[in-house]
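Worksheet: the structure to be examined is printed underneath.
Every number for a ligand or one of its atoms is a count from 1 in the order of the listing. Index from 1, following the sequence. FYI, side chains are in, hydrogens and waters are out, and symmetry mates aren't considered; it's all heavy atoms of this structure.
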Amino acid sequence: MLDVSDLHQYYGGSHILRGVSLAARPGEVTALLGRNGVGKTTLLRCLMGLVPARSGAVAWSGERLDGRRPEERVARGFGYVPQGREIFPRLTVEENLRVGAATRTSDAIPPSIGELFPALKAMRSRRGGDLSGGQQQQLAIGRALMGAPKLLILDEPTEGIQPSIIEEIGRVIRRLAKEQGLAVLLVEQYYDFAKRLADTYAVMSRGEIVASGPASAMDARDVRALITL
Ligand SMILES: Nc1ncnc2c1ncn2[C@@H]1O[C@H](COP(=O)(O)OP(=O)(O)OP(=O)(O)O)[C@@H](O)[C@H]1O
Ligand SMILES: [Mg+2]
């Protein structure tokens, strides 16, 4: 289980994360919602070790990982799908996937990735930059899965993507949690998508968690008021 406690982070003099505590359990989707600019991506970057936290703890299965380099966190089972996908446009689908195997001994693409994303399998020789936004998002998820993660962290996977592919991505996220037992931490601003997928939710506002609980108890009016302007 991912256990984040009392995380603080600053950009210069700005106090961005103000004591964030959060958990994500295997087999569950934990949705983190919040308006633009409240610190969601900053939190994920701290979890991955891409930016240093000032204080607080990040633990996986009881082992402290704060202070560790990003690749050590990937080797411990953290998989990251960054906001905006950040695939390599000039590399092929297959090459983009192999980038995700950098911390492993083999870069063979497991058949399970082709099963989850048949569209990618059909387009393996196409350049990443020639894919649609939704296909690029699937590629970014596939790349994270190449590291065989136990925790999958996704930053707004529905942003700028057409509804039919949003549905497909939702089904994959659900399967990864329910069939493969991954802990999924899903940052989302799209309330309905989060509500459909989540087992647990948390809402962030100005660097703090201001509401959380089981997704069944997530109240549309309350949460929407916290995440829309
Ligand atoms: N590299 C940086 N240097 C300085 N300030 C930053 C940097 N990155 C983000 N910020 C600021 O930190 C705050 C939190 O940004 P962050 O990207 O974490 O928000 P977010 O919740 O992910 O927003 P969005 O929903 O738009 O993706 C914002 O005020 C942002 O302007
Ligand atoms: Mg963000």
Which protein non-hydrogen atom lies closest to [atom], naming both residue and atom, and how far is it?
{"atom": "atom 26 (O) of ligand 1", "value": "Asn36 OD1, 3.3 Å"}
{"atom": "atom 16 (P) of ligand 1", "value": "Thr42 OG1, 3.6 Å"}
{"atom": "atom 8 (N) of ligand 1", "value": "Tyr11 CE1, 3.3 Å"}
{"atom": "atom 12 (O) of ligand 1", "value": "Ile16 CD1, 3.4 Å"}
{"atom": "atom 25 (O) of ligand 1", "value": "Lys40 NZ, 2.7 Å"}

For [X], the ligand 1 atoms whose distance to one of its heavy atoms is below 4.0 Å:
{"X": "Gly37", "answer": "13 (C), 14 (C), 19 (O), 20 (P), 21 (O), 23 (O), 24 (P), 25 (O), 26 (O), 28 (C), 29 (O)"}
{"X": "Gln189", "answer": "25 (O)"}
{"X": "Gln83", "answer": "27 (O)"}

May I ask whether [X] places a heavy atom under 4.0 Å from ligand 1?
{"X": "Gly34", "answer": "no"}
{"X": "Met204", "answer": "no"}
{"X": "Arg35", "answer": "yes"}

Main-chain N/O of [Y] paired to [X] side chain as donor or acceptor, under 3.5 Å:
{"X": "Gln180", "Y": "Leu182", "value": "no"}
{"X": "Arg18", "Y": "His8", "value": "no"}
{"X": "Arg35", "Y": "Ser205", "value": "no"}

Next on the checklist: Tell me whether the count of non-hydrogen atoms from other residues, nucleotides or ligands lying under 6.0 Å of CZ in Arg69 goes above 12.
Outcome noted: no
Checklist entry - If you count the non-hydrogen atoms of other residues, nucleotides and ligands that lie under 6.0 Å from CZ in Arg206, is the total more than 12? => result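 No, the 6.0 Å shell around CZ holds no more than 12 heavy atoms from other groups.
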NZ/NE/NH1/NH2 to OD/OE distance under 4.0 Å, [X] and [Y]:
{"X": "Asp3", "Y": "Arg25", "result": "no"}
{"X": "Arg68", "Y": "Glu63", "result": "yes"}
{"X": "Glu94", "Y": "Lys121", "result": "no"}

Checklist entry - Near the Mg ion (ligand 2), is there an N/O/S atom from Asn36 that is less than 2.8 Å away? => result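 So Asn36 does not count as coordinating the Mg ion (ligand 2).
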Checklist entry - Do any of the N, O or S atoms of Gln83 sit under 2.8 Å from the Mg ion (ligand 2)? => result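 A backbone or side-chain N, O or S atom of Gln83 is under 2.8 Å from the Mg ion (ligand 2).
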Checklist entry - Under 4.0 angstrom from atom 31 (O) of ligand 1, is there any protein heavy atom? => result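 Under 4.0 Å from atom 31 (O) of ligand 1, zero protein heavy atoms found.
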Checklist entry - Protein heavy atom under 4.0 angstrom of atom 6 (C) of ligand 1, is there one? => result yes
Checklist outcome for this item: Of Asp155, Ile227, Thr41, the residue with the heavy atom nearest atom 22 (O) of ligand 1 is Thr41
Next on the checklist: Is there a path of hydrophobic side-chain contacts, each under 4.5 Å between heavy atoms, that joins Val210 and Tyr201?
Outcome noted: yes
Item to check | Nearest-0.5 Å distance that lies between atom OG in Ser112 and atom CG in Leu145 | outcome: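 Atom-to-atom, Ser112:OG and Leu145:CG are 7.5 Å apart.
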